[in-house]
Amino acid sequence: MTIQLPDANGRLRTYEPRSEPLAVTPGAPFTSRTVFSAAHVVADPFADASPDSPAAVDWDATLAFRRHLWSHGLGVAEAMDTAQRGMGLDWAGAAELIRRSAAEAKAVGGRIACGVGTDQLASGTLAEVRAAYEEQLAVVEASGAQAILMASRALAATARGPEDYLEVYGHLLRQAADPVILHWLGPMFDPALEGYWGSSDLDAATDTFLEVIAAHPDKVDGIKVSLLDARREVDLRRRLPQGVRCYTGDDFHYPELIAGDDQGFSHALLGIFDPLGPLAAEAVRVLDTGDTAGFRALLDPTVELSRHLFQAPTRFYKTGVVFLAWLAGHQSHFTMVGGLQSARSLPHFARAYELADSLGLFPDPKLAEERMKNLLALYGVAR
């Protein structure tokens with residue numbers, strides 16, 4: 001059985017799908033790396049919602065997907081940009097997501113860390129930005145989850161220079177009950193974050209970032225770096241205080257960064273581990289045995305898919321992530337909060353399907369093929 005897939009020029013090509021998925025089963029907890037998957041949310045397809053209305057979430061399907069990730073030993077990074085924070089999911093929806101997911105994590109023994117931001121604000125004074133962070137930090141800590149201090153659009157718009165970042169983050173770290181993860185999200189993921197840490201010069205920004213950490217090393221569990229620059233991440237992790245982890249957020253270079261070198265390695269907190277969950281977990285278990293070559297053999301072939309999903313405009317990678325979740329049977333529909341299912345083209349979806357299928361990511365390849373054919377028919381491609 002074959003399927004006709006369109007390319008960027010509108011031409012159809014024949015592809016023969018796999019007949020069997022990659023054989024991966026849940027295993028022992030990881031021992032060599034701490035690994036989080038940033039998880040997407042499942043929209044309620046029957047809600048009478050517009051792109052401007054509050055997100056309508058299918059809570060049952062959303063929590064079921066988190067149980068899927070936990071079953072493979074992955075931690076869940078909740079209410080991050082993968083969950084469409086600021087792109088369809090507002091703070092009220094994120095707060096509910098945090099409460100529900102943290103309770104589910106407690107029930108099943110899953111690891112969870114949750115995003116703390118300022119998306120109640122479009123803009124504000126420095127005091128208002130700080131208060132917004134404090135409100136969200138209180139919600140996450142009350143849920144029992146670890147906090148991830150996310151980059152703030154409001155702070156980027158308000159801060160006059162590095163000293164404002166030092167003041168706000170210093171205040172938050174002093175009052176945090178437990179060590180947090182600091183998140184540096186680059187402007188390729190969110191253009192509103194250009195010049196974060198007080199400078200568009202990344203060397204100067206890095207110095208400020210490290211100054212924040214050095215002042216409060218006991219309150220920083222680790223950093224998540226999402227700059228898509230492997231060299232810069234390696235340089236940064238080598239400058240971290242002892243005991244502060246580097247969680248790679250680099251969806252272009254993650255195999256080499258997680259594998260590491262003779263001077264260290266990165267842990268992981270990645271959006272691409274949403275669709276790659278079982279395969280990624282299997283690769284880390286191989287790495288736990290000391291078999292770096294085996295780890296790379298499993299994970300290196302996934303980079304082409306990740307680079308495809310995260311191609312510019314990078315912030316729309318969530319569309320491909322949810323698309324693959326639908327094909328894999330983790331949800332019954334391809335609908336997203338905020339209508340974001342329209343953010344990528346049919347040729348983009350076709351290539352994502354082909355790459356994911358070739359990796360054996362679909363538990364039921366026939367279901368994925370049938371759903372892909374239904375999407376093609378919706379766009380006018382004859383079955």
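Values reported hereafter were calculated over all heavy atoms of this structure, with side chains retained and with hydrogens, waters and symmetry mates removed. Here the structure is a predicted model, which is why all the values come from computation and not from measurement. Throughout, numbering of the chain's residues begins at 1 and tracks the sequence.
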Participant: How far does CZ of Phe316 sit from CZ of Arg344, to the nearest 0.5 angstrom?
Facilitator: 7.5 Å
Participant: Say you draw a straight line from SG of Cys114 to CG of Leu137; how long is it, rounded to the nearest 0.5 Å?
Facilitator: 11.5 Å
Participant: Applying the 4.5 Å side-chain criterion to the ILVMFWY set and letting contacts propagate, would Ile272 and Tyr317 be lumped into a single cluster?
Facilitator: yes
Participant: Should Arg231 and Asp235 be marked as a salt bridge (charged side-chain N to carboxylate O under 4.0 Å, His left out) after you check the CA-CA gap, both sets of side-chain angles, and the distance that decides it?
Facilitator: CA-CA 6 Å; Arg231 179 196 59 79; Asp235 290 344; 3.0 Å; yes
Participant: Can you tell me how far the OG atom of Ser37 sits from the CG atom of Leu74, to the nearest 0.5 Å?
Facilitator: 6.0 Å
Participant: How far apart are the closest heavy atoms of Leu63 and Ser101, and which atoms are they?
Facilitator: CD2-OG, 3.7 Å
Participant: Would you kindly confirm whether Val212 and Ile148 end up in one hydrophobic cluster when ILVMFWY residues are joined by side chain heavy atoms under 4.5 Å apart?
Facilitator: no
Participant: Side-chain heavy atoms under 4.5 angstrom apart, residues restricted to Ile, Leu, Val, Met, Phe, Trp, Tyr: same cluster for Ile181 and Val139?
Facilitator: no
Participant: Against Leu287, only a single residue in Thr292, Val35, Leu298 fulfils side-chain contact (heavy atoms from CB on, under 4.5 Å); can you say which?
Facilitator: Thr292
Participant: Take Trp326 and Leu375, measure what side chain to side chain contact (heavy atoms under 4.5 Å, CB included) needs, and give me the verdict at the end.
Facilitator: CA-CA 11 Å; Trp326 171 56; Leu375 183 70; 4.3 Å; yes
Participant: Is there a donor-acceptor pair under 3.5 Å between the side chain of Gln120 and the backbone N or O of Ala132?
Facilitator: yes
Participant: Side chains of Arg245 and Thr34: do they bring a donor and an acceptor to under 3.5 Å?
Facilitator: yes
Participant: Output yes when a side-chain donor or acceptor of His183 lies under 3.5 Å from a complementary backbone atom of Val225, and no otherwise.
Facilitator: no
Participant: Taking Asp81 for its side chain and Arg85 for its backbone only, find out whether a donor-acceptor pair lies under 3.5 Å.
Facilitator: no
Participant: Hey, is Arg67 close enough to Glu104 for a salt bridge, meaning N to O under 4.0 Å?
Facilitator: yes
Participant: Heavy-atom distance under 4.5 Å between the side chains of Asp7 and Pro347, does that happen here?
Facilitator: no
Participant: May I ask you to say whether Asp261 pairs ionically with Arg238, meaning some side-chain N is under 4.0 Å from a carboxylate O?
Facilitator: yes
Participant: On the six-membered ring of Trp59, is Arg100 placed so that its NZ or CZ lies under 6.0 angstrom from the centre and within 45° of the ring axis?
Facilitator: yes
Participant: Please report the interatomic distance NE2(His267) to CG(Leu257), rounded to the nearest 0.5 Å.
Facilitator: 12.5 Å
Participant: If hydrophobic clusters are built from ILVMFWY residues whose side chains come within less than 4.5 Å, do Leu269 and Val303 share one?
Facilitator: no
Participant: Classify the ring geometry of Tyr169 against Tyr165: parallel below 30°, tilted from 30° to 60°, perpendicular beyond 60°.
Facilitator: parallel
Participant: Do Lys224 and Trp184 have side chains that approach each other closer than 4.5 Å (heavy atoms only, starting at C-beta)?
Facilitator: no
Participant: Taking the six-membered ring of Phe252 (Phe, Tyr or Trp), confirm whether the NZ or CZ of Arg307 is under 6.0 Å from its centre and within 45° of its axis.
Facilitator: yes
Participant: Could you give the distance from CG (Asp251) to OG (Ser306), rounded to the nearest 0.5 Å?
Facilitator: 4.5 Å
Participant: Taking the side chain as every heavy atom from C-beta outward, state whether Arg239 and Thr206 have any atom pair closer than 4.5 Å.
Facilitator: yes
Participant: What's the shortest heavy-atom distance between Gln4 and Thr14, and which atoms?
Facilitator: NE2-OG1, 2.7 Å
Participant: Would you mind reporting whether Leu228 and Met188 have side-chain heavy atoms less than 4.5 Å apart?
Facilitator: yes
Participant: Side-chain contact test, heavy atoms from C-beta onward, threshold under 4.5 Å: evaluate it for Glu96 versus Trp91 and give yes or no.
Facilitator: no
Participant: In terms of side-chain heavy atoms, does Glu134 have a donor or acceptor partner in His171 at a distance below 3.5 Å?
Facilitator: yes
Participant: Carefully, step by step, assess Glu194 and Ser200 under the rule side chain to side chain contact (heavy atoms under 4.5 Å, CB included).
Facilitator: CA-CA 7 Å; Glu194 179 65 44; Ser200 294; 3.1 Å; yes
Participant: Looking just at side-chain N and O atoms, do Ser266 and Arg237 make a donor-acceptor pair shorter than 3.5 Å?
Facilitator: yes
Participant: Find the distance between OG1 (Thr158) and CG (Leu121) and round it off to the nearest 0.5 Å.
Facilitator: 8.0 Å
Participant: Does the side chain of Asp288 come under 3.5 Å of the side chain of Ser32 through a donor N or O and an acceptor N or O?
Facilitator: yes
Participant: Main chain of Tyr254, side chain of Thr248: is a donor-acceptor contact present, judged purely on distance under 3.5 Å?
Facilitator: no
Participant: If you look at every heavy atom in Pro255 and Phe295, which pair is closest and at what distance?
Facilitator: O-CE2, 3.4 Å
Participant: With a 4.0 Å cut-off on N to O distance, would you call Glu354 and Arg13 a salt bridge?
Facilitator: yes
Participant: Which atoms form the tightest heavy-atom contact between Leu367 and Gly329, and what is the distance?
Facilitator: CD2-CA, 4.0 Å
Participant: Apply side chain to side chain contact (heavy atoms under 4.5 Å, CB included) to residues Gln84 and Leu340 and explain how you reach the verdict.
Facilitator: CA-CA 9 Å; Gln84 294 182 242; Leu340 207 62; 3.7 Å; yes
Participant: Find out whether the Lys NZ or Arg CZ of Arg33 is both under 6.0 angstrom from the six-membered ring centre of Phe265 and within 45° of the ring's axis.
Facilitator: yes
Participant: For the backbone of Met336 and the side chain of Gln341, can you confirm whether one donor and one acceptor N or O come within less than 3.5 Å of each other?
Facilitator: yes
Participant: Is there a donor-acceptor contact under 3.5 Å linking the side chains of Gln136 and Asp119?
Facilitator: yes
Participant: Using 30° and 60° as the class limits, which term best fits the ring planes of Phe310 and Phe189: parallel, tilted or perpendicular?
Facilitator: perpendicular
Participant: Determine whether the side chains of Thr2 and Glu16 contain a donor N or O and an acceptor N or O closer than 3.5 Å.
Facilitator: no
Participant: Side chains of Arg232 and Leu202, heavy atoms from C-beta outward: is any pair under 4.5 Å?
Facilitator: yes
Participant: Determine yes or no for a side-chain-to-main-chain donor-acceptor pair under 3.5 angstrom, with Lys219 supplying the side chain and Leu173 the backbone.
Facilitator: yes
Participant: Working note: Leu172 + Leu149, criterion side chain to side chain contact (heavy atoms under 4.5 Å, CB included); need CA distance, chi angles, decisive distance, verdict.
Facilitator: CA-CA 9 Å; Leu172 294 169; Leu149 294 187; 4.2 Å; yes
Participant: With side chains defined as the heavy atoms from C-beta onward, is the minimum distance between Thr319 and Phe334 less than 4.5 Å?
Facilitator: yes
Participant: Considering non-hydrogen atoms only, spot the tightest contact between Ala39 and Val76 and give its length.
Facilitator: CB-CG1, 4.2 Å
Participant: Atom NZ of residue position Lys373 - does it have more than 12 heavy atoms of other residues, nucleotides or ligands inside 6.0 Å?
Facilitator: yes
Participant: What heavy-atom pair brings Leu299 and Phe273 nearest, and what distance separates the two atoms?
Facilitator: CD2-CZ, 4.3 Å
Participant: Please confirm whether the backbone N or O of His40 pairs with a side-chain atom of Asp274, one donor and one acceptor, at under 3.5 Å?
Facilitator: yes
Participant: Backbone N or O of Val42 within a donor-acceptor pair of the Asp58 side chain at under 3.5 Å?
Facilitator: no
Participant: When you measure from the side chain of Tyr353 to the backbone of Leu324, do you find a donor-acceptor pair of N or O atoms at a distance under 3.5 Å?
Facilitator: no
Participant: Just by distance, do the side chain of Trp70 and the backbone of Arg111 share a donor-acceptor pair under 3.5 Å?
Facilitator: yes
Participant: For residues Ile112 and Gln146, determine if any side-chain heavy atom of one lies less than 4.5 Å from a side-chain heavy atom of the other.
Facilitator: no
Participant: Can you tell me if Arg174 has over 12 outside heavy atoms packed within less than 6.0 Å of its CZ?
Facilitator: yes
Participant: Side-chain heavy atoms nearer than 4.5 Å, only ILVMFWY residues, links allowed to pass through others: does that put Val322 and Met372 together?
Facilitator: yes
